[in-house]
Amino acid sequence: MDQKQYEYNPGRVSVVTPVYNGETHLSYMLDSILSQTYPDMEMILVDDGSSDGTVKVAKSYCEKFAAKGYGYRIVQAEHRNASAAINQGLPFVSGEYLIWPDSDDYLEPESVRRRVDFLQKNPEYACVRSLSYYYDAETGERSDKADEQRGDTAKQDLFWDILSSKTFVCCGCYMLRTKAFFEVYPKRQIPEYDVGQNFQMLLPFMYRHKCPTLEEELYGVAMREGSHSRTVLTQAQEEKKYRDYEKLVDDIAKNCRITDREERKRILCWKARRRYKLALKYGRKKAAARALLWLHRCGGFSAGEALKEIIWLYFVNGWVEENVYPIYLKIVGRK
């Protein structure tokens, strides 16, 4: 690889996007990149071993990107997962700023410019994010439904809120300073898992840096039936997904060098709470009880709350379980 590809170009925005079987939707995202009002960008599109016409669609855009004056690179890789695909693109990043939108989403024309303007005017920040909106991929109409909470957009310490799903990880909303990102991952490789990619990209960075929010909806999230995030999983698949996330978060904790006792307890609580909800979902009462006791030990439950949960867990069934217990869960704040 040419060493020049590793040099930073001041002001340039690098866009790294993994795509898998995106023949029907990739054009919409690429067109939104071409519609940007910001003048200096490079598009690094990584095909994750697609079996449809994705690469053909991607190649049809070469002249369009050249005419716009944007860099454009197509990287073809064997099919693995999104994080592995991102790793195929990171070595080619040459911009001062980095974004990684999904292949089926949409950037508003001012999306890049508004975030670059903020970072240029506020050099004390290593990142910034904007808000998103959701739209129906078939009709293009905006939707009131959202996959993620916005949370407290005035907060700038986002590590724990992202981990606990109190705020969004929506990938195309974030812009990072590239040098700061590669200080987190000096080998230009994020941990590769079948889950995540946004956790890998964001959590170690957010542990080190504050992230302000622009109160503008600059990124559109496509809602498509059959998309990866909306695929219905079997119990075995969902349990594996949960285990993979736990391993991933352990990797992230090592990267962040989290040794503080209270912070490690918060991670244990995160694991236990997830295990408890999953066990309840599939009626695994013994596993739920174990997770509940673990959650109590790490401070996630008072003894009284734990006792109430155990009573419900073991002695409530039938009509009461179906109709009353969900209401109880809402009251105690664990939907």
Do [X] and [Y] share a hydrophobic cluster, counting only Ile, Leu, Val, Met, Phe, Trp and Tyr and linking them when any side-chain heavy atoms are less than 4.5 Å apart?
{"X": "Leu278", "Y": "Tyr245", "value": "no"}
{"X": "Ile99", "Y": "Tyr106", "value": "no"}
{"X": "Ile74", "Y": "Met41", "value": "yes"}
{"X": "Phe118", "Y": "Val15", "value": "yes"}
{"X": "Tyr133", "Y": "Leu107", "value": "no"}

If you apply the rule side-chain contact (heavy atoms from CB on, under 4.5 Å), what do you find for Tyr185 with Phe205, and how did you get there? CA-CA 10 Å; Tyr185 293 118; Phe205 199 92; over 6 Å; no
Go through the side-chain N and O atoms of [X] and [Y] and say whether any donor and acceptor fall under 3.5 Å apart.
{"X": "Glu263", "Y": "Tyr207", "answer": "yes"}
{"X": "Ser165", "Y": "Glu148", "answer": "no"}
{"X": "Glu238", "Y": "Tyr282", "answer": "yes"}

Please determine if Arg129 forms a cation-pi arrangement with Phe168, meaning its NZ or CZ atom is less than 6.0 Å from the six-membered ring centre and no more than 45° off the ring axis. yes
May I ask you to establish whether Arg12 and Tyr97 are in a cation-pi arrangement, using a distance under 6.0 Å from NZ or CZ to the six-membered ring centre and at most 45° from the ring axis? no
[X]/[Y] ion pair, N-O < 4.0 Å:
{"X": "Glu216", "Y": "Arg115", "result": "no"}
{"X": "Asp260", "Y": "Lys265", "result": "no"}
{"X": "Arg274", "Y": "Glu246", "result": "no"}

Measure from the side-chain N and O atoms of [X] to the backbone N and O of [Y], and report whether any donor-acceptor pair falls under 3.5 Å.
{"X": "Thr213", "Y": "Glu215", "answer": "no"}
{"X": "Gln197", "Y": "Ser83", "answer": "no"}
{"X": "Asp152", "Y": "Ala154", "answer": "yes"}
{"X": "Gln76", "Y": "Val46", "answer": "no"}
{"X": "Lys240", "Y": "Gln235", "answer": "no"}
{"X": "Glu108", "Y": "Leu218", "answer": "no"}
{"X": "Gln36", "Y": "Val112", "answer": "yes"}
{"X": "Asp161", "Y": "Thr167", "answer": "no"}
{"X": "Thr178", "Y": "Glu96", "answer": "yes"}
{"X": "Asp52", "Y": "Glu23", "answer": "yes"}

Derivation and outcome, side-chain contact (heavy atoms from CB on, under 4.5 Å), residues Ile267 and Val249: CA-CA 8 Å; Ile267 291 176; Val249 169; 4.0 Å; yes
Would you say that [X] contacts [Y] through its side chain, given a criterion of any heavy-atom pair below 4.5 Å between the two side chains?
{"X": "Leu163", "Y": "Phe199", "value": "yes"}
{"X": "Thr17", "Y": "Met43", "value": "yes"}
{"X": "Asp251", "Y": "Tyr193", "value": "yes"}
{"X": "Arg73", "Y": "Leu45", "value": "no"}
{"X": "Met201", "Y": "Leu98", "value": "yes"}
{"X": "Cys171", "Y": "Tyr219", "value": "yes"}
{"X": "Trp160", "Y": "Met206", "value": "no"}
{"X": "Gln156", "Y": "Tyr125", "value": "yes"}

Rounded to the nearest 0.5 Å, what separation is found between the [atom1] atom of [X] and the [atom2] atom of [Y]?
{"X": "Tyr61", "Y": "Ser27", "atom1": "OH", "atom2": "OG", "result": "3.5 Å"}
{"X": "Leu268", "Y": "Trp270", "atom1": "CG", "atom2": "CH2", "result": "11.0 Å"}
{"X": "Asp31", "Y": "Met29", "atom1": "CG", "atom2": "CE", "result": "9.5 Å"}
{"X": "Arg208", "Y": "Asn255", "atom1": "CZ", "atom2": "CG", "result": "4.5 Å"}
{"X": "Ser164", "Y": "Gln149", "atom1": "OG", "atom2": "CD", "result": "9.0 Å"}
{"X": "Ser50", "Y": "Asn21", "atom1": "OG", "atom2": "CG", "result": "4.5 Å"}

Output all residues satisfying salt bridge (Lys or Arg N to Asp or Glu O under 4.0 Å) with Arg142, sequence neighbours left out; order by chain, then residue number. Glu217
With side-chain contact (heavy atoms from CB on, under 4.5 Å) as the criterion, how do Tyr174 and Cys127 come out once you've worked through the C-alpha distance, each side chain's angles and the decisive distance to 0.1 Å? CA-CA 7 Å; Tyr174 289 81; Cys127 57; 5.9 Å; no
So which atom in [X] and which in [Y] form the shortest heavy-atom distance, rounded to 0.1 Å?
{"X": "Cys256", "Y": "Pro204", "value": "SG-CA, 3.6 Å"}
{"X": "Leu90", "Y": "Arg188", "value": "O-NH1, 3.1 Å"}
{"X": "Pro18", "Y": "Val16", "value": "CD-O, 4.1 Å"}
{"X": "His25", "Y": "Asp104", "value": "CD2-CB, 3.2 Å"}
{"X": "Ala137", "Y": "Ala222", "value": "CB-CB, 4.2 Å"}
{"X": "Tyr276", "Y": "Ala288", "value": "CD1-O, 3.3 Å"}

Do Tyr20 and His79 make the cut of ring centroids closer than 6.0 angstrom? yes
List the residues meeting side chain to side chain contact (heavy atoms under 4.5 Å, CB included) with Ala77, not counting sequence neighbours, and say none if there are none. Gln88
For Lys64, is the NZ atom crowded, meaning more than 12 foreign heavy atoms sit under 6.0 Å from it? yes
Please say whether more than 12 non-hydrogen atoms of neighbouring residues, nucleotides or ligands are located less than 6.0 Å from NZ in Lys271. yes
Among residues at least two apart in sequence or on other chains, which ones pass side-chain hydrogen bond (donor to acceptor under 3.5 Å, both in side chains) with Glu192? Arg80, Asn87
For the pair Asp40 and Val13, evaluate side-chain contact (heavy atoms from CB on, under 4.5 Å) and give the outcome as yes or no after the intermediate values. CA-CA 6 Å; Asp40 191 0; Val13 175; over 6 Å; no
Parallel under 30°, tilted from 30 to 60°, perpendicular over 60°: which one fits the rings of Tyr8 and Phe182? tilted
Using 30° and 60° as the class limits, which term best fits the ring planes of Phe65 and Tyr70: parallel, tilted or perpendicular? tilted
